[in-house]
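Beneath this line is the structure, given in structure tokens, with notes to follow.
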Amino acid sequence: MTSRGWLRGTTVRKGGASSSSNTTRNSTPQIQSTSTTVFGGGVKDPSGRTSEYFSMDDQCPVCKSDRYLNPKLRLLVSACYHKMCESCIDRLFTLGPAPCPICNKTLRKLAFTPQTFEDLDVEKEVAVRRRIAKDFNKRQEDFADNRAYNDYLEEVEDIAFNLINGIDIPQTEARIAQYKIENAAIIEDNLRKEEQYAQYLKEHEEAERLEREQRAEELRKLEEAERLEREQGRQELIDKLETSDKDVKKLIARSRAEAAKRVAARTSSSLQRNTPGFLRSRPTRSTAIPDVPHVPIQDDWYAYEDKFTLRKDYDDPVSEAVRRDREGIMRAGGYTIEEAWERALRFAVAGLDLQPLQGLQSQISPADQDAAMASA
Amino acid sequence: MDVVERANAERQRKWVKDQKVGEGAYAVVYRGRERSTGRKIAIKKIKVGQFKDGLDMSAIREVKYLRELKHQNVIDLLDVFSSKQNLNLVLEFLDTDLEQVIKDRSLVFLPADIKAWMAMTFRGLEFCHRNWILHRDLKPNNLLISADGQLKLADFGLARDFADPGYKMTCQVITRWYRPPELLFGCRYYSSAVDIWSVGCIFAELMLRTPYLPGETDMDQLKTIFRALGTPTEDDWPGHTKLPDYVPVGQFPKTPLRDLFTAASADALNLLTRCLAYDPKKRINAKDALHHPYFFAMPYPSHHSKLPKPAQKESNIPLEEVDGNVDFSGVGPGVKANPPNRLKRKFSSDEIGGETRSIARKLDFGQKGS
């Protein structure tokens, strides 16, 4: 949560067509069927897609590979809520259940789920609540009074808290099992009600979608009509210019004014503001030093070009073999013998106007150096 | 002590070695300073003992070329001295490298920033090529950035002089993702165009913020290139089918670069296309690239002091690093070194709660399920 990483949500459609038993409520995310995919689980959004948490800073804690090295890196979450990458999972768990490299809990390959939330604690809580909500699905109308309903909610919270924080797991599990037996009929009944509600929602959404499409269609028609009108106006203007003997400038001005009026009427309805450039958060000193135009080469370039002229060809026995082969291997590699000649010539003339060094002898004489060291 | 030893000792005294900041395959890098002025420097200690035939080739190359190259966009070799069995290179101290900058997602690049980095890269490269030196290992990780934002070419361990008649050159150079197709086809006679290809890849990487042509093997690299730029025809690249290791790698259509680089200016795409031309002879050279309209168009390249830099990390990894041979990520192509604290690629104890546990799978049939 603290790292302001490069976050991006990707949506992955998994497992093909959703089965009818998969109920969708808009309040609680539902568990994904694990039957068709290797790595099931994850939280579905209302449109039936599983969104996976994805960050450019992802790094597999097991093999330390990161997204820079492996752009396809996908981290999955184990049953004990530790992350590792797909290749580590393959490596460790393909041969059957094996201990988690981080906490030593025995894990299976199938039990890894995609990560939906950045914070794994949230991931765990969502999974636990999802599981509990499946069984503890009583509604207010199932209770005699508010007091009983509140006690029930309290108990659900209690169980959820225990499971999330790993407190008294065996006892809590026993409580859940007992509740399930006692309330089997009510659970079943409520499940059916929920399914009905989901069905209703689906129909409702479908109707809304149809309405939206209709509206878009209308809009399109309107635009088409507008375009035709514009075309017509232009044609009219041309005709008028052709036939009438009125002032040309006036005619054009009038036609333009009409067009402008139309445009104004249209844009005022759908005015959109430009988004401000929020990326301009550069240090304030940015303006202190002005950027200067590009200077291609900034050192004092002198290539002795006035001191030689390169001939087309030289009698060069050393490169004879290379030149004979030039049409073959040399050609495609970009090697040219002219470069070698140019280099040789340039080296030959490079030192021509340098003065010979004076007093070099004394500088490197051992006696001098000894004296210098002694004084140092 | 003979004269040579004494001269060496005197040189050594000029520099103070502080803590170790990185280790590579053939060198250890220390942070240090100049004794007289306190100026920050880096000392690259080359491990000599390991090599049967004396010094490692790359150390010789590095010294040989860096001694001669003095340019604002090339790392400065200040001194060389030996200590016991080792050779020590004293190098200019540089804060970070371009890879760190690209990877830091909190930084926003303006087109002007990319232009400035490209101009500095080309300037350094033009200087090398002008002096007949091929760098042969250009990648973001080897483009170091100084405190005031100047970009400098570093790691001349694979450098070589070119334009000598008749000598074969090895094609096993340049980190794979930045290696041009003629080298992948095993060409033994090539030219400065190989470096330009690498710069083209870096240019694309600066715009995409992810490696442009990340091949997984040499073969896959060719495929990746062709997929991105289309399979070359005889027209695009005359004679390439005659190269020693030529193999057909399948036909891929040419797709316009505009599809991928949606926000780039036309000038930028033109320069990129010319850097990534298949035929090395048609590839732009460094000098012409510097005169390309892209650099003269608005916006002007950012002043180097304003270029984005990664924030000083809160972690204990010293970002102040000097040599391209040291790679802090510890992974990736052309890995040569890990920082001291990242050497272990397995679990460190704090990650698994103090206990040492075997990672290997244990067959535990007793407690199935959970």
Side-chain angles (χ1 to χ4, degrees), chain A residues 4-6 56-57 61-62 64-65 68-69 71 79 92-93 95-99 101-107 279 281-283 285-286 289-294 296-299 301 303 316 318-319 321-322 327-337 339-340 342-343 366 369-370 373 376, chain B residues 3 6-7 10 71-72 103 105-106 108 112 119 123 126-127 130 132 162-166 182 187-191 193 210 237-240 242-244 279-281 283 287 290-291 295-296 299-303 305-306 330-332 345 347 351-352 357 359 361-364 367-370:
Chain A
R4 300 171 49 78
W6 183 266
M56 283 316 291
D57 300 328
V62 180
K64 308 287 185 224
S65 178
Y68 191 76
L69 295 167
L92 296 169
F93 304 104
L95 295 177
I102 298 153
C103 72
N104 237 2
K105 184 181 167 178
T106 306
L107 297 175
L279 288 179
S281 57
R282 312 256 296 171
R285 68 192 176 103
S286 289
I289 309 161
D291 293 330
V292 290
H294 174 66
I297 292 165
Q298 298 184 334
D299 55 331
W301 157 268
D316 181 9
V318 181
S319 67
V322 182
E327 293 317 305
I329 303 165
M330 247 48 72
R331 174 68 191 88
Y335 183 93
T336 52
I337 196 67
E339 257 183 354
E342 190 189 332
R343 179 184 177 186
Q369 214 154 49
D370 285 352
M373 279 183 66
Chain B
V3 177
R6 231 180 281 179
E10 189 194 10
H71 187 267
Q72 60 178 350
K103 280 174 86 167
R105 293 281 156 187
S106 65
V108 176
R123 242 176 244 134
E126 189 274 336
F127 183 76
R130 186 201 306 168
W132 309 98
F162 68 103
D164 42 356
E182 65 263 29
C187 181
R188 314 305 296 272
Y189 296 95
Y190 47 84
S191 69
T210 183
W237 188 6
H240 73 281
K242 290 181 201 149
L243 288 172
D279 186 351
K281 290 194 176 168
R283 222 170 281 158
K287 195 177 161 199
L290 280 171
H291 289 88
F295 290 112
F296 295 98
Y300 292 143
S302 306
H303 189 266
S305 62
K306 294 191 296 192
V331 275
R345 294 206 47 206
F347 310 101
E351 276 164 324
I352 55 169
R357 294 183 169 108
I359 312 149
R361 193 181 71 88
K362 217 164 47 195
L363 279 176
D364 192 354
Q367 38 151 160
K368 275 188 184 173
S370 47

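Below, read A as the first sequence line, B as the second, and so on, with proteins coming before strands; counting in each chain starts at 1. Here the structure is a predicted model, which is why all the values come from computation and not from measurement. Reckoned from all heavy atoms, side chains included, excluding hydrogens, waters and symmetry mates.
- For the set B/K287, B/E182, B/E126, the count of heavy-atom pairs under 4.5 angstrom toward chain A peaks at B/E126.
- Residue with the most contacts toward chain A among B/R123, B/H71, B/H240, B/H303: B/R123 (heavy-atom pairs, distance under 4.5 Å).
- With B/S191 contributing its side chain and A/G334 its backbone, the two residues share a donor-acceptor pair below 3.5 Å.
- Within the 4.5 angstrom heavy-atom criterion, atoms from both the backbone and the side chain of B/R130 approach chain A.
- Taking all atoms of both residues into account, the shortest heavy-atom contact from A/K105 to A/A79 is NZ-O, 4.3 Å.
- Below 30°, between 30° and 60°, or above 60°: for A/H294 and B/F296 the angle between ring planes is above 60°, a perpendicular geometry.
- Contact annotation for B/F127: only side-chain heavy atoms (C-beta onward) come within less than 4.5 Å of a heavy atom of chain A.
- Pairing each heavy atom of B/F295 with each of B/L290, the nearest pair is CD1-O, 4.0 Å.
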